[in-house]
Amino acid sequence: MRTRGARGVAAALAVAGLLAACSGGDAAGTAGDDVADQGYVSGDGTVSQWGVGERQGPVEVAGTDFAGEAVDTADWQGDVVVLNTWYAQCPPCRAEAPDLADLASDYADQGVRVLGINGVDDAGTALSFQETFDVPYPSIDDREKRAVAALQGVVPIQATPTTVVLDREGMVAARIVGLAEGSTLRALVDEVLAEDGA
């Protein structure tokens, strides 16, 4: 499967032209920006998929979550990993949070892990968001942008939220730029899970 044609390319170029997306900062995503006052331009939910032979990676993301625990996707080798960039005042991030929380709970026994990446919020704000939406998975405190940097060389993160699905080898299987609609994300995860027996 290839990236979904001209629509995906055009959408990616359009999003690339927007400096801050929902993150509201400059291209480097300065943590001190007053994102709440700057508004946002989010991706449009464009989905890109890559067949097994076309995938880039592997991707490894590591950091410390907002509870102070070390997290490293290298420890999840053999699992399907869903990475999601977000911050608390981002409207589409709030809209998709229940679907991501449900996905993490519903697929936990099927070898699916979810990891948030937050490059804006302090621990108090992030943990409050996680409590509000009953988020059962960790999020990395990425205010130093190390996790996003690990992704950028493989799959551009041009908008917040962006959701990336990694296959069992840590290769990039799919990306959603903008709000991840629940049924779409589940379909992408299901496809990658089905590859196990292929």
Side-chain angles (χ1 to χ4, degrees), residues 1 47-87 93 96-121 123 126-127 129-131 133-177 179-198:
M1 292 175 292
V47 177
S48 299
Q49 291 179 270
W50 293 271
V52 174
E54 303 172 322
R55 294 175 185 167
Q56 300 294 311
V59 171
E60 291 184 0
V61 175
T64 302
D65 70 16
F66 287 100
E69 300 292 324
V71 181
D72 189 340
T73 60
D75 297 334
W76 300 343
Q77 186 174 7
D79 291 335
V80 173
V81 176
V82 177
L83 304 173
N84 173 260
T85 63
W86 67 279
Y87 74 91
C93 301
E96 71 183 6
D99 286 330
L100 284 161
D102 287 346
L103 176 89
S105 297
D106 294 347
Y107 283 72
D109 293 337
Q110 299 181 48
V112 176
R113 306 271 195 148
V114 181
L115 177 65
I117 301 171
N118 184 318
V120 175
D121 296 326
L127 290 171
F129 178 98
Q130 290 178 291
E131 182 177 347
F133 291 101
D134 294 321
V135 175
Y137 55 86
S139 284
I140 288 177
D141 179 350
D142 196 40
R143 286 175 286 177
E144 295 183 2
K145 309 303 179 195
R146 290 180 181 155
V148 168
L151 289 167
Q152 286 289 27
V154 180
V155 56
I157 304 299
Q158 300 153 326
T160 302
T162 290
T163 302
V164 177
V165 179
L166 306 179
D167 67 18
R168 295 179 188 277
E169 304 300 320
M171 309 292 279
V172 177
R175 177 188 63 187
I176 302 172
V177 179
L179 188 147
E181 196 276 324
S183 62
T184 299
L185 180 56
R186 285 173 183 255
L188 294 173
V189 169
D190 285 341
E191 286 187 29
V192 178
L193 284 171
E195 294 171 359
D196 187 41

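Below, each value reflects all heavy atoms present in this structure, side chains not excepted, and no hydrogens, waters or symmetry copies. It should be emphasised that the depicted structure is a prediction, and the values quoted were computed from it without experimental measurement.
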Given the rule in the side-chain contact (heavy atoms from CB on, under 4.5 Å) test, do Asp142 and Arg146 qualify, once you have shown the distances and angles that lead to the verdict? CA-CA 6 Å; Asp142 196 40; Arg146 290 180 181 155; 4.1 Å; yes
Backbone of Thr162 reached by a side-chain donor or acceptor of Thr85 within 3.5 Å: yes
Does some side-chain heavy atom of Leu188 sit less than 4.5 Å from a side-chain heavy atom of Gln49? yes
What side-chain donor-acceptor pairs closer than 3.5 Å can you find for residues 57-67, not counting sequence neighbours?
from, atom 1, to, atom 2, distance (Å)
Asp65, OD1, Ala67, N, 2.9
Asp65, OD1, Gly68, N, 3.0
Asp65, OD1, Glu69, N, 2.8

Is there a donor-acceptor contact under 3.5 Å from the side chain of Arg55 to the main chain of Trp50? yes
Which heavy atom in Asn118 sits nearest to a heavy atom in Ala126, and how many Å separate them? ND2-CB, 4.3 Å
Does some side-chain heavy atom of Leu185 sit less than 4.5 Å from a side-chain heavy atom of Val165? yes
Would you say Glu144 has more than 12 foreign heavy atoms packed within less than 6.0 Å of its CD? no
Heavy-atom closest pair, residues Pro138 and Leu115: O-CD1, 3.5 Å
Decide if atom CD of Glu169 counts as having more than 12 heavy atoms of other residues, nucleotides or ligands within a radius under 6.0 Å. no
Heavy-atom closest pair, residues Cys93 and Thr160: SG-CG2, 3.9 Å
If you define the side chain from C-beta out and look only at heavy atoms, does anything of Arg168 sit under 4.5 Å from Val80? yes
Would you name the heavy atoms of Ser139 and Trp86 that are closest together and state the gap between them? OG-NE1, 2.9 Å
Val120 to Arg143 - nearest heavy-atom pair and separation: O-CD, 3.8 Å
I need the full list of side chain to side chain donor-acceptor pair (under 3.5 Å) pairs touching residues 96-109, with sequence neighbours left out, sorted by first then second residue. Asn84-Glu96, Asp106-Arg186, Tyr107-Asp190
Kindly indicate whether the side chain of Val172, heavy atoms from C-beta on, has any atom under 4.5 Å from the side chain of Leu151. no
Could you pull out the closest heavy-atom pair between Tyr137 and Ala104, with the gap in Å? CD2-CB, 3.6 Å
Check the pair Thr163 / Val82 against side-chain contact (heavy atoms from CB on, under 4.5 Å), numbers first and verdict last. CA-CA 7 Å; Thr163 302; Val82 177; 3.6 Å; yes
